[in-house]
Amino acid sequence: MTYLDVAPRTAGGGRRKIEIIDQTLRDGPQSWWGMRMRRDMGLPIAGELDRTGFHTIDLVGSSIFEVLARHCREDPWEQLTSLSRAMPRTTVRAGTRSNGIVTFGLTADSVMDLWVQRLVAHGIGSFWIYDGLFNLDKIGRLARTAQAEGAKAIACILYADSPYHTDEYYAERTKELVALGVDGIELEDAAGLLTPQRTRSLVTAIKQAAGDLPVEIHFHSNNALAPINYLEGVLAGADIVHTASKPLAAGVSLPSTENTVANLRYAGFDVDLDESRFAPVAEHLLRVAEYEDLPVGQPAEYSLFLYRHQLPGGMTGTFKNQLRQHGMEDRFEEVLDEMARVREELGYPVMATPFSQLVGTQAVLNVVTGKRYSVVPDEVMIYVHGFYGKPVGPLDQDVLDTIMSSAKAKTYSDWEPPQPSLEELRKRFGGSISDDELILRLLVPESDVEAMRATPQRNRDFAPTTEEGRFIRRLVETAVGSYLHIEGPGFELTLEGDH
């Protein structure tokens, strides 16, 4: 099969236009740099991204707030304000779970609503809202909160591979989300599990169920299939795709903007972006990666094992560290096998926050202790009691009996998730605390907030020398599928693979 010039035409016979949402400042660094993109790393390219012509630029999620404060010692509110003001031409976006901001637990509705309201106040004009178990009341309330503030609300569907996550299941969930009055539907494949055939059938089903609402596709390249899946998705009717600049694309991240735009145009679609902006963004990111000793995007190879464990790429390092602490790093594949078993026993939750962490932590505990479910985290107990929502598949009865037999599990039988008011929460920190400060101190331990405030702001100059700039520009334009090692005055740069 060839994808050349097979794109369906508009009713008037013209080329169908595909919009692009940029993930260079959010999911790209989240996937490759552990969310550690400081303001001085992102701000120099904000103007280029703003002038490129993207439909939307994704900027922030709740975990990024925590990482910036705790590890980068940078005020995330100040970074958000700086970046959003630097991109006045383009709508900027934030993502959020429907029922939780930080950690794997549940967040009070009052805090969730304030979180959305304060993000809008700092420049956010669009939200993608997700819930792996489709708690419609929570999704609907947050969508209405965002819309009341003048922002768009996009309902995000997280893809999972299981006997229960059928095209029909996702079509029904799409209809329910449309009925909430959202502004669009996003399909996200965080683990890169979709195949081209399944992409075509699934996007067709979702697009039909979405009616007139735009459908976005956001696929990671963990299994090397995302670039093909994007073509299948837009041929099936998707309107918008998500990409990142090449140095932060591919592998555990999304397909690159450069390659995706070329593919779409070759296939007969219209993409209205200013390509002259691509190289300056990529050049800057390569310098940042070199100066900060950070990785750049590497293409993945196809792995059938991925469909068994379905581990999101960002969790791999965490798991290996946990096992290393117990002297059991050589049992990593055993943990992945155990994850697959735990996921089935817990009703096939989608492997995304918080469920990927719950399944993964339980798998590690089962392997480390040598006795399955002898130690069960509170969050797993809360999950089996149904407080996260109704699992898509049945729970294994023997496992459920084992978990429920503990004294701690029994305490959740009459438990209800706390719903403190904002006034009650403010009393913890003093009644005069601002909304922004309240959110920050609820997301980040107080000691880390104080350490952040005591740390001088970093403002590294990533501008190249003239000679270095010539080398890097030639690198960006010609280094495809090659190995390059270049040295110049005051710098040394090595690249392998497709950069």
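Values reported hereafter were calculated over all heavy atoms of this structure, with side chains retained and with hydrogens, waters and symmetry mates removed. This chain uses plain numbering: 1 for the first residue, then up along the sequence.
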Check the pair Tyr159 / Phe219 against side chain to side chain contact (heavy atoms under 4.5 Å, CB included), numbers first and verdict last. CA-CA 10 Å; Tyr159 176 72; Phe219 301 162; over 6 Å; no

Chi angles and distances behind the side chain to side chain contact (heavy atoms under 4.5 Å, CB included) call for Glu78, Gln457: CA-CA 11 Å; Glu78 291 183 4; Gln457 185 72 54; 4.2 Å; yes

Could you walk me through whether Asp58 and His242 satisfy the side chain to side chain donor-acceptor pair (under 3.5 Å) test, starting with their C-alpha distance in whole Å, then the side-chain angles of each, then the deciding distance to 0.1 Å, before giving a yes or no? CA-CA 9 Å; Asp58 202 355; His242 293 226; 5.5 Å; no

List the steps, then state whether side chain to side chain contact (heavy atoms under 4.5 Å, CB included) holds for Trp32 with Gln298. CA-CA 9 Å; Trp32 281 113; Gln298 297 280 348; 4.0 Å; yes

Between Thr24 and Asp22, is the side chain to side chain donor-acceptor pair (under 3.5 Å) condition met? List the steps. CA-CA 6 Å; Thr24 302; Asp22 181 69; 2.7 Å; yes

Run Phe127 and Leu119 through side chain to side chain contact (heavy atoms under 4.5 Å, CB included) and show every step you take. CA-CA 10 Å; Phe127 289 85; Leu119 286 171; 3.6 Å; yes

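In this structure, Ser31 contributes its side chain and Leu254 its backbone to no donor-acceptor pair below 3.5 Å. Between the side chain of Ser256 and the main chain of Ala249, no donor-acceptor pair closer than 3.5 Å is present. Of the possible polar contacts, none joining the Trp128 side chain to the Ala153 backbone as a donor-acceptor pair under 3.5 Å is found. Using a distance-only test at 3.5 Å, with no hydrogens or angles considered, a donor-acceptor pair links the side chain of His220 to the main chain of Val252. Under a 3.5 Å cut-off, the side chain of Gln30 and the backbone N or O of Ile64 do not form any donor-acceptor pair. Checking side-chain atoms of Arg343 against main-chain N and O of Pro349 turns up a donor-acceptor pair under 3.5 Å. With hydrogens and angles disregarded, a donor-acceptor distance shorter than 3.5 Å links the side chain of Gln147 to the backbone of Gly181. Checked by atom type and distance alone, the side chain of Glu74 pairs as donor or acceptor with a backbone atom of Arg39 at under 3.5 Å. Judged purely by atom type and a 3.5 angstrom limit, Asp40 uses its side chain to pair as donor or acceptor with the backbone of Arg460. Asp183 contributes no side-chain N or O that, together with a main-chain N or O of Ile154, makes up a donor-acceptor pair within less than 3.5 Å.
Here the rule is side chain to side chain contact (heavy atoms under 4.5 Å, CB included) with Tyr230, and of Ile18, Leu225, Asn259, Thr260 only Thr260 fits it.
Taking the side chain as every heavy atom from C-beta outward, His385 and Ser413 approach each other to under 4.5 Å. In this structure, the side chains of Arg15 and Phe269 stay at 4.5 Å or more apart for every pair of heavy atoms. In this structure, Phe65 and Val60 have side chains that are in contact, with non-hydrogen atoms separated by less than 4.5 Å. Within the 4.5 Å cutoff, the side chain of Arg36 has no heavy atoms near those of the Leu294 side chain. A 4.5 Å side-chain heavy-atom check between Pro445 and Arg70 finds at least one atom pair inside the cut-off. Looking only at side-chain heavy atoms (C-beta outward), Ser432 and Arg426 stay at 4.5 Å or farther from each other. Trp415 has its side chain within reach of Ile382: a pair of non-hydrogen atoms, C-beta onward, lies under 4.5 Å apart. Arg198 has its side chain within reach of Asp167: a pair of non-hydrogen atoms, C-beta onward, lies under 4.5 Å apart.
Ring centers of Tyr170 and His165: under 6.0 Å apart, within the cut-off. Between Phe387 and Tyr412, the distance separating the two ring centers is not shorter than 6.0 angstrom. A distance below 6.0 Å separates the ring centres of Phe462 and His284.
Residues Val359 and Met339 share a closest heavy-atom pair of CG1-O, 3.6 Å. Ser110 approaches Leu425 most closely through the heavy-atom pair OG-CD1, 4.5 Å.
For Asp109 and Arg141, the salt-bridge test passes: some basic side-chain N is under 4.0 Å from an acidic carboxylate O. Salt bridge annotation for Arg265-Asp270: absent, with no cationic side-chain nitrogen under 4.0 angstrom from a carboxylate oxygen. Between Arg428 and Glu446 there is no salt bridge, since none of the side-chain N atoms of the basic residue sits less than 4.0 Å from a carboxylate O of the acidic one. A salt bridge links Arg38 to Glu292: at least one charged side-chain nitrogen sits closer than 4.0 Å to a carboxylate oxygen.
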